[in-house]
Amino acid sequence: MSGVSWPRGNELNEVKEIVSAMAGRGPEDVRVVVSPYRICPLGAHIDHQGGTVSAMTINKGILLGFIPSDDTEVILRSGQFKGEVRFSVDEVQQPKPIRKKGEPHATDSPKLQETGNWGNFARGAVYALQSRGISLTRGIKGYICGSEGLDSSGLSSSAAAGVAYLLAFETANNLTMTPTENIEYDRLIENEYLGLKNGILDQSAILLSSHGFLTHMNCKTKAHKLIPSPKLNGEQSDFQKSYKILLAFSGLKNALTNSPGYNLRVVECHEAAGILLNASGNDKLEPRLCNVDPEAYETHKGLLEPSLAKRAEHYFSENTRVMKGLQAWASGNLKEFGKLISASGLSSIQNYECGCEPLKQLYEILLKAPGVYGARFSGAGFRGCCLAFVDANLAEEAVTFVTEEYRKVQPKLASQIITEKAALICEAGGVNIFGRLKK
């Protein structure tokens with residue numbers, strides 16, 4: 001159960017062999033994009049409002065093996081979903097219609113994904129590049145797979161897929177893009193092509209993070225910096241070995257039907273920002289909470305109705321927690337860092353009002369687990385998992401505790417999870433491309 005290097009050599013070789021058979025080329029010609037999942041210790045639900053966030057990637061994620069096509073054709077297969085996706089990179093891609101309230105989204109249901117809609121991330125990558133005037137002349141033959149059991153877990157699998165396809169198409173067409181450019185392209189995939197209202201946290205974490213560092217990003221200015229691990233016993237590696245990242249799974253793959261939905265929370269934040277900006281004489285600014293001066297918030301927050309007041313309180317208090325968390329991390333104070341993570345989790349429940357009962361129960365269990373410094377939802381808390389930072393020496397004990405306690409409160413959901421995978425211990429990861437292109 002302990003964290004191991006990812007991807008392993010046998011995982012890379014398996015992907016290469018599958019693509020080699022698809023393309024009729026040797027495995028040595030296959031390139032593999034390694035696009036990791038991310039966690040957000042602090043900065044929950046404020047990236048879409050231009051807030052400050054922290055993030056790091058883990059040693060789990062998506063592998064996309066590919067060989068450039070000799071023409072514009074794209075042929076894709078998936079390790080998770082059925083069917084084969086085929087299209088051409090010179091086809092003009094159009095955004096997916098915005099769904100009406102209550103309608104399923106193309107990324108929501110495994111049944112929908114199995115019909116071929118899982119290929120929307122590849123089409124979205126082509127759309128993003130086309131929308132910026134970039135014409136692709138070569139498609140790819142590829143095979144995509146994610147770390148087993150971690151799709152729909154709140155670890156940004158959608159952003160990891162989008163980033164993987166962008167890197168593959170760019171590499172196949174000899175395009176060189178900066179991480180900042182690809183952050184924007186992946187935003188176009190999710191915001192414009194798929195119609196989601198999320199911010200840029202996920203793709204930024206995937207593309208900017210580095211092993212051993214905590215990534216700090218201002219989502220308003222797009223400025224970022226890497227906060228190094230402090231030295232423990234004179235070595236940074238000793239600090240990195242002192243903690244593990246624990247992922248505890250709920251067994252929920254799809255959001256509950258009574259979930260208010262991610263997009264609604266974003267709208268409420270915009271409404272709160274609009275009221276505060278209008279009251280402070282800044283109504284011409286974009287209605288995002290990052291444009292509201294903290295003093296103006298304190299002066300005018302009484303104008304907000306209760307639900308909007310809670311959204312604004314979460315935003316401003318979470319920004320404060322992020323800045324305190326960066327200081328705690330830099331000084332090696334994992335106990336303080338963990339307390340802030342847990343406070344973020346509580347604010348997500350009480351002020352942002354996200355999360356379903358199983359995830360809330362899992363959060364509470366993690367807070368009581370041996371060696372856990374702090375815990376919160378990973379994602380919105382309507383499905384997937386919770387994350388925790390845990391003392392490396394107590395990580396295995398914490399896994400056992402969480403697995404047993406969750407089984408007591410949610411026996412039906414827990415029964416849907418293989419016991420050995422009910423909780424996983426992870427480490428930091430990174431993004432890479434393995435292999436070479438045949439000239």
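Fair warning: this is a prediction, and the values are worked out from it, not measured in the lab.
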(message) So Cys269 and Tyr315, do their side chains get closer than 4.5 Å, heavy atoms only?
(response) no
(request) First locate atom CG of Asn393, then atom OG of Ser242, and finally report the distance between them rounded to the nearest 0.5 Å. (result) 9.0 Å
(request) Answer yes or no: is there a donor N or O on one side and an acceptor on the other, between the side chain of Asn218 and the main chain of Ala223, under 3.5 Å? (result) no
(message) Any side-chain to backbone donor/acceptor pair from Gln49 onto Leu289? Under 3.5 Å, distance only.
(response) yes
(message) Using a 3.5 Å distance criterion without hydrogens, assess whether the side chain of Arg376 forms a donor-acceptor pair with backbone atoms of Cys40.
(response) yes
(request) Tell me yes or no: between the side chains of Asn351 and Glu318, is some donor less than 3.5 Å from an acceptor? (result) no
(request) Please tell me if the side chains of Ile144 and Phe121 come closer than 4.5 Å, counting only heavy atoms from C-beta onward. (result) no
(message) With heavy-atom distances below 4.5 Å as the criterion, would you say the side chains of Met56 and Ile245 are in contact?
(response) yes
(message) To check you understand the geometry: which heavy-atom pair defines the closest contact between Leu362 and Ser250, and what is its length?
(response) CD2-N, 3.9 Å
(message) Using side-chain heavy atoms (C-beta onward) and a distance below 4.5 Å, is Pro36 in contact with Ile58?
(response) no
(message) Looking at Arg8, is its backbone amide N or carbonyl O close enough to the side chain of Glu11 to form a donor-acceptor pair, meaning the two atoms are under 3.5 Å apart?
(response) yes
(message) Can you confirm whether the side chains of Ser307 and Arg311 place a donor and an acceptor under 3.5 Å from each other?
(response) no
(message) For the backbone of Leu276 and the side chain of His300, can you confirm whether one donor and one acceptor N or O come within less than 3.5 Å of each other?
(response) no
(request) Check Val372 against Val390 and note the closest heavy-atom contact, atom names and distance. (result) N-CG2, 4.0 Å
(message) So does Glu295 get a backbone contact from the side chain of Thr299, meaning a donor-acceptor N/O pair under 3.5 Å?
(response) yes
(request) Run through Val30, Val32, Thr171 and flag the one making a side-chain contact (heavy atoms from CB on, under 4.5 Å) with Phe66. (result) Thr171
(request) For salt bridge (Lys or Arg N to Asp or Glu O under 4.0 Å), just list the numbers for Lys368 and Glu405, CA-CA rounded to whole Å, side-chain angles, deciding distance to a tenth of an Å, and then say yes or no. (result) CA-CA 10 Å; Lys368 301 173 185 176; Glu405 292 301 308; over 6 Å; no
(request) Only pairs at least two apart or in different chains count here, so list each salt bridge (Lys or Arg N to Asp or Glu O under 4.0 Å) that has a residue in residues 199-216. (result) Arg38-Asp202
(request) Just do the salt bridge (Lys or Arg N to Asp or Glu O under 4.0 Å) check on Lys310 and Glu313 with the steps written out, would you? (result) CA-CA 5 Å; Lys310 289 181 179 181; Glu313 173 60 24; over 6 Å; no
(request) Check whether any side-chain heavy atom of Arg77 lies under 4.5 Å from a side-chain heavy atom of Ile18, and answer yes or no. (result) no
(request) Please tell me if the side chains of Phe239 and Leu334 come closer than 4.5 Å, counting only heavy atoms from C-beta onward. (result) yes
(message) Between Asn173 and Leu136 (side chain of the first, backbone of the second, donor and acceptor by atom type, cut-off under 3.5 Å), is there such a pair?
(response) no
(request) Kindly say whether Ile206 contributes a backbone atom to a donor-acceptor pair with the side chain of Thr57 at under 3.5 angstrom? (result) no
(message) Do Pro358 and Tyr406 make a side-chain contact, defined as non-hydrogen atoms from C-beta onward lying under 4.5 Å apart?
(response) yes
(message) Once rounded to the nearest 0.5 Å, what's the spacing between atom NZ of Lys339 and atom CD1 of Ile341?
(response) 13.0 Å
(message) With heavy-atom distances below 4.5 Å as the criterion, would you say the side chains of His216 and Met323 are in contact?
(response) yes
(request) Using the ring-ring contact (aromatic ring centres under 6.0 Å, His included) rule, collect all pairs that involve residues 335-373, keeping only residues at least two apart or in two chains. (result) His45-Tyr352, His314-Tyr352, Trp329-Phe337, Phe337-Phe389
(message) Do Tyr127 and Gln94 pair up side chain to side chain, a donor and an acceptor below 3.5 Å, judged on atom types alone?
(response) no
